[in-house]
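Here is the structure we will look at.
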Amino acid sequence: MKGRRTSFEIYWEILVYCREPKTFTNIINRCDLNSKIGQQHLKFLVDKGYIIAQKDDDKTTYKTTEKAQEYITLFSKMYGTLFDSLPGFRL
Amino acid sequence: MAFQTKEKLRAELRSFFGLTILNLAIAALVLALGISTTITNLLDAIETENLLPLSVLLMGLGVAALVAGFYWIMQVVQIVDGVDDLRTAYDRLGKGDGERATSLFIDMLAYYRSNKTTVSRMAVLGKIGGALFLIVGAIGIVQAGVSIISSGLLADNLSQLVGGVTALGVGIAGLLISRYFSIYSKVWDARLQETTKIEDALQLELEAN
């Protein structure tokens with residue numbers, strides 16, 4: 001089940017998933033993206049230097065760089081604070 | 001993930017799931033009320049071979065309640081399915097599983113973003129359903145009161161009174177559930193609004209690199 005995510009949320013998911021090298025197909029399957037959107041997001045992250053593309057034999061894998069850690073940490077911290085407040089009732 | 005955060009998530013998911021199930025029960029009752037009103041009035045009209053304007057009006061209302069109840073159930077089922085997936089994802093969370101928790105936060109926000117309209121609709125339908133049952137309950141109690149005064153405490157009158165009180169109770173429950181849904185929506189709308197601020201900060205972070 002995947003609802004409507006923002007680009008920032010998708011970046012975070014890709015970056016966390018690519019801590020270990022992953023192929024393009026792995027990424028779009030895991031992050032539930034279509035090929036076109038997956039390519040756009042991946043290109044953006046590679047251009048930013050958050051992900052590096054590595055050629056192993058005849059396949060290309062993608063790996064998150066150290067540079068992305070700041071983004072991952074900031075994102076996790078800020079999203080965590082969203083859940084500090086609860087609806088004022090319990091069932 | 002911190003124990004406190006995990007507990008909060010658990011409580012929130014459980015409350016929302018509970019509300020959705022209660023909403024489903026009210027939807028089913030509205031559907032049942034629609035069927036019973038339509039059929040009762042239709043049978044009366046056939047039996048008496050006389051179609052009174054009031055019967056036509058009640059049949060129309062019954063069909064409207066039937067359609068609304070059916071549509072409502074379809075909507076709630078979608079929500080139940082999604083919330084169930086979120087609960088499953090929550091159950092898989094382990095201790096100190098910070099990133100999976102963030103992933104769950106993303107799923108929850110994405111889920112609400114996609115179902116915001118449906119959740120609002122459920123709150124509105126809950127109000128309408130609640131009001132409908134309040135009216136039915138009030139009419140039942142008044143009719144039972146009049147019958148008890150005129151013909152005494154008979155079993156028929158008592159059952160009518162019990163039916164009226166029950167409908168009144170369902171109506172109050174419907175209104176309360178709708179209110180809780182509105183509270184839930186407000187918290188989630190605030191969270192979504194907060195994410196736009198977060199996005200600004202993340203955009204700055206991306207631009208800085």
Side-chain angles (χ1 to χ4, degrees), chain A residues 1-20 22 27 29-34 37 40-52 64-91, chain B residues 1-2 4-5 8-9 11-12 14-19 21-22 81-86 88-89 98-116 179-181 183-188 190-192 194-199 201-209:
Chain A
M1 182 253 351
K2 288 275 179 197
R4 238 174 32 227
R5 290 162 297 165
T6 65
S7 297
F8 298 97
E9 290 166 350
I10 297 170
Y11 295 154
W12 183 88
E13 286 184 342
I14 296 173
L15 292 171
V16 169
Y17 182 56
C18 290
R19 285 233 168 91
E20 297 300 320
K22 297 285 187 284
I27 297 168
N29 285 342
R30 171 66 178 258
C31 300
D32 200 22
L33 301 167
N34 66 38
I37 300 288
Q40 283 172 6
H41 288 317
L42 215 49
K43 184 184 179 306
F44 176 82
L45 293 171
V46 170
D47 289 347
K48 280 277 160 205
Y50 283 1
I51 275 187
I52 45 162
T64 303
T65 63
E66 264 305 303
K67 196 180 169 189
Q69 194 49 48
E70 208 175 314
Y71 177 86
I72 295 173
T73 310
L74 181 68
F75 183 97
S76 304
K77 196 177 144 196
M78 292 179 108
Y79 264 58
T81 59
L82 287 177
F83 288 80
D84 284 345
S85 60
L86 266 182
F89 63 89
R90 266 185 183 216
L91 288 182
Chain B
M1 178 172 45
Q4 205 185 4
T5 314
K8 278 182 183 178
L9 264 184
E12 187 164 334
R14 199 182 60 180
S15 295
F16 190 60
F17 190 72
L19 272 184
I21 296 296
L22 287 172
D81 196 32
V83 180
D84 197 41
D85 286 346
L86 289 172
T88 309
E99 276 176 357
R100 279 174 86 171
T102 308
S103 182
L104 181 59
F105 294 159
I106 293 173
D107 285 348
M108 287 170 83
L109 284 163
Y111 175 76
Y112 185 72
R113 240 179 243 125
S114 305
N115 293 286
K116 196 173 168 328
R179 185 172 149 64
Y180 284 139
F181 258 109
I183 294 171
Y184 191 89
S185 292
K186 270 183 199 157
V187 171
W188 276 87
R191 280 177 184 159
L192 285 188
E194 199 62 29
T195 57
T196 57
K197 287 182 198 162
I198 291 176
E199 281 172 13
L202 293 170
Q203 185 64 44
L204 284 176
E205 169 68 22
L206 288 173
E207 281 165 7
N209 288 293

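Every chain is numbered from 1 and lettered A, B, ... according to where its sequence line falls, protein lines coming before strand lines.
- To the nearest 0.5 Å, the span separating CG on B/D107 from CD on A/E9 amounts to 9.0 Å.
- Closest approach of B/S114 to A/R4, counting heavy atoms only: OG-N, 2.7 Å.
- The environment of A/K67 atom NZ is dense: over 12 non-hydrogen atoms of other residues, nucleotides or ligands sit within 6.0 angstrom.
- Taking the six-membered ring for Trp and thresholds of 30 and 60 degrees, A/F83 and B/F105 have nearly parallel ring planes, at less than 30 degrees apart.
- Proximity to chain B is limited to the side chain of A/F8, based on heavy atoms less than 4.5 angstrom apart.
- Atom OG1 of B/T102 sits about 13.0 Å away from atom NZ of A/K77, to the nearest 0.5 Å.
- Chain B forms more heavy-atom pairs under 4.5 Å with one residue of A/Y71, A/W12, A/F75 than with any other, namely A/W12.
- Rounding to the nearest 0.5 angstrom, the gap separating the CG atom in A/L74 from the CD1 atom in B/I198 is 8.5 Å.
- Summarising the geometry, atom CZ belonging to A/R5 is positioned 8.5 Å from atom CD1 belonging to B/I106; distances are rounded to the nearest 0.5 Å.
- No side-chain heavy atom of A/Y17 sits less than 4.5 Å from a side-chain heavy atom of B/E99.
- Of the residues considered (A/S7, A/G49, A/S76), A/S76 shows the highest number of contacts with chain B, using heavy-atom pairs under 4.5 Å.
- A/Y11 is not listed as a side-chain neighbour of B/L202, based on a closest heavy-atom distance of 4.5 Å or more.
- Interface summary for chain A: among B/K197, B/Q203, B/E194, B/E199, the most heavy-atom pairs under 4.5 angstrom belong to B/E199.
- With a 6.0 Å radius and a threshold of 12 heavy atoms from other residues, nucleotides or ligands, B/R179 has its CZ atom at or below the threshold.
- Heavy-atom neighbours of B/E207 CD from other residues, nucleotides or ligands within 6.0 Å: above the threshold of 12.
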